[in-house]
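Everything on this sheet refers to the single structure shown next.
Order of appearance sets the numbers: ligands from 1, and atoms from 1 within every ligand.
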Amino acid sequence: MPENKLVEVKDLSKVFIIGGRFFGSKLVAVNKANLSMDAGKPEIFTLAGESGSGKTTLARMILGIIEPTSGHIYYKGKDITKLKNKKQKSWFKREVQPIFQNPFEAFNPLKRVETYLFETAMNFGIAKNKSEAAQVVDEALRAVGLSLSEVYQRYPHELSGGQVQRTCIARALITKPSLLIADEPVSMVDASLRMSILNFFHKLKTDYGVSIIYITHDLATAYYVSDRIAIMYRGYIVELGPIEKVLTNPLHPYTQLLLESIPKPDPDRRWNKRIKLADIEVKEYMALGCKFANRCQYAMDKCYKEEPFDVEVDERKVKCFLYSDEKASVGSKI
Ligand SMILES: Nc1ncnc2c1ncn2[C@@H]1O[C@H](COP(=O)(O)OP(=O)(O)OP(=O)(O)O)[C@@H](O)[C@H]1O
Ligand SMILES: [Mg+2]
């Protein structure tokens with residue numbers, strides 16, 4: 001696998017068995033997902049889609065937290081499911097850092113926050129002693145607009161939500177990662193902080209060369225901060241391309257529906273509401289053909305029978321038969 005790719009996800013699937021191993025049903029949470037990010041070309045890549053579409057599952061596979069059922073994930077050319085020894089695993093953990101939705105969950109309320117930062121610096125061998133660690137920690141905190149003296153000796157509840165989230169990000173930065181995976185990192189902070197954290201992501205990309213996978217329901221912030229976007233629907237990536245193209249001229253009927261759901265008038269394209277479908281039926285996951293066919297106003301006969309493949313249209317990949325006749329199929333490679 002070429003090392004000019006930072007991440008390459010190939011035909012990645014995760015199947016959960018619900019309701020027992022023998023009598024249970026299969027739920028394909030992520031279905032043959034393909035995406036890649038270039039090394040040396042930092043970008044903010046958004047994963048969007050309604051609740052249950054598979055965003056977190058895909059992110060957790062890339063983080064190595066859960067194992068894929070099939071497919072591959074390469075990070076800087078290495079298959080991360082095959083990292084052999086402790087050294088390789090520790091390298092990967094340093095390189096790819098998670099940022100979770102609720103920063104308070106990341107910290108034990110009875111432990112002072114700087115303890116986590118010092119532990120990270122020491123455990124990953126970034127610092128050899130306490131004074132070196134203090135330097136590393138302070139540097140990471142300053143990158144997020146805080147400093148060690150501001151958080152020193154303080155418990156999580158003694159900091160504001162925004163400070164805790166920034167401390168989480170600082171912790172992630174201590175290992176000097178090349179990739180951050182942020183799963184709804186700003187959904188629990190207020191609007192002004194949301195923008196300051198997103199601005200900070202932008203700064204991380206431009207000043208520190210860090211790439212970010214940003215998972216969100218909020219297409220307005222996605223539009224504001226990201227370079228590319230992948231829209232997920234029932235485990236599939238249905239449209240992937242430059243943010244401007246996808247959000248201003250959506251091609252997949254599902255992306256069109258998502259954008260229509262932004263309330264109008266919408267001077268700054270706010271879209272904070274979670275779209276929630278009726279509970280996902282396992283039957284629907286198992287149905288043949290396109291998972292969106294039942295809701296699609298353009299559905300054709302074959303949409304109910306055959307699984308659509310990715311078609312390259314206007315700088316993006318769209319998983320829809322509407323575009324397959326006029327354009328050459330590019331298989332499932334993205
Ligand atoms: N450990 C699990 N066991 C069984 N099913 C799971 C498990 N984790 C996720 N799922 C199912 O997989 C599907 C995708 O879930 P996932 O959490 O990836 O969605 P999501 O896009 O992150 O949703 P949200 O926007 O609500 O966070 C859902 O139907 C979910 O119920
Ligand atoms: Mg999720």
Response to the item:
Atoms of ligand 1 under 4.0 Å from any heavy atom of S51, numbered from 1 in the order shown, are 23 (O), 24 (P), 25 (O), 26 (O)
Practice prompt. For I18 and ligand 1, answer yes if some heavy atom of the residue is under 4.0 Å from a ligand atom, otherwise no.
Written response: no
Worksheet item: Looking at L259, V238, V318, which hits side chain to side chain contact (heavy atoms under 4.5 Å, CB included) with I231?
Response: V238
Item to complete: Answer yes or no: is there an ion pair linking K76 with E8, defined by an N-O contact shorter than 4.0 Å?
Response: no
Worksheet item: Numbering the atoms of ligand 1 from 1, which are under 4.0 Å from a heavy atom of G54?
Response: 14 (C), 18 (O), 19 (O), 20 (P), 21 (O)
Worksheet item: Can you find a heavy atom in the side chain of N34 that is under 4.5 Å from one in the side chain of V9?
Response: no
Worksheet item: Aromatic rings Y254 and H252: how do their planes relate, parallel, tilted or perpendicular, breaks at 30° and 60°?
Response: perpendicular
Worksheet item: Which of these, K55, E50, R60, has its nearest heavy atom closest to atom 25 (O) of ligand 1?
Response: K55
Practice prompt. Report the protein N/O/S neighbours of the Mg ion (ligand 2) that fall below 2.8 Å; do not count waters.
Written response: T56 OG1
Worksheet item: Rounded to the nearest 0.5 Å, how far apart are CG of N31 and NZ of K14?
Response: 13.5 Å
Worksheet item: Does even one non-hydrogen atom of S53 get within less than 4.0 Å of ligand 1?
Response: yes
Worksheet, complete the sentence: For E184, the ligand 1 atoms with a heavy-atom partner under 4.0 Å come out as 25 (O), 27 (O)
Worksheet item: Using 4.0 Å as the upper bound for N to carboxylate O, is an ion pair formed by D314 and K245?
Response: yes
Practice prompt. For atom 22 (O) of ligand 1, state which one of L27, T56, V30 supplies the nearest heavy atom.
Written response: T56
Worksheet item: Would you say F292 and Y236 make side-chain contact, with heavy atoms under 4.5 Å?
Response: no
Discussion item. Nearest 0.5 angstrom please: K302 NZ to L288 CG, how far?
Written reply: 15.0 Å
Discussion item. Regarding E239 and R316, does a basic nitrogen lie under 4.0 Å from an acidic carboxylate oxygen?
Written reply: yes
